[in-house]
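Contents: one structure, followed by commentary.
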Amino acid sequence: IVLETHSGSLDQDPMSAISLADISENIYRPIAWEGPGSGGHHIEGVIVFNPVEQLPNSIELKIKNVGGVEERSFRWKLK
């Protein structure tokens, strides 16, 4: 994941700002962030989740309260 802003500092902890959700509204929290800590105008790293045991039809990556935006979401159809 790459997060960039030119209007402030990215001080949010990626572990608390990023989650996955499935169609049944199950929330999956990350177990690790592989990259530099927060701060500055640019952060880049890998967010790691435990494997999802039962593959849902779709999954949504949610990023909350980063760069002055309440929520960004990205959805993928898996089946």
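When reading the values below, keep in mind they use all heavy atoms of this one structure, side chains included, and skip hydrogens, waters and symmetry mates.
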Anything under 3.5 Å between a donor and an acceptor, one on a side chain of residues 15-31, the other on a protein residue two or more places apart or in another chain? List them.
| from | atom 1 | to | atom 2 | distance (Å) |
| --- | --- | --- | --- | --- |
| Ser16 | OG | Asp13 | O | 3.0 |
| Asp22 | OD1 | Ser24 | N | 3.0 |
| Asp22 | OD1 | Glu25 | N | 3.2 |
| Asp22 | OD1 | Asn26 | N | 2.9 |
| Asp22 | OD1 | Asn26 | ND2 | 3.4 |
| Asp22 | OD2 | Asn26 | ND2 | 3.0 |
| Asp22 | OD2 | Tyr28 | OH | 2.8 |

In one Ile/Leu/Val/Met/Phe/Trp/Tyr side-chain cluster, 4.5 Å: Val46, Ile1: no

With clusters defined by side-chain heavy atoms of hydrophobic residues (ILVMFWY) lying less than 4.5 Å apart, directly or transitively, does Val48 cluster with Trp76? no

Between NZ of Lys62 and OG of Ser73, what distance do you get to the nearest 0.5 Å? 7.0 Å

Decide yes or no on side chain to side chain contact (heavy atoms under 4.5 Å, CB included) for Asn65 and Glu70, but give the supporting numbers first. CA-CA 5 Å; Asn65 301 314; Glu70 186 176 325; 4.2 Å; yes

Sorted by chain and residue number, the side chain to side chain contact (heavy atoms under 4.5 Å, CB included) partners of Val69 (sequence neighbours excluded) come out as Arg72

Does a side-chain heavy-atom distance below 4.5 Å link Leu78 with Pro56? yes

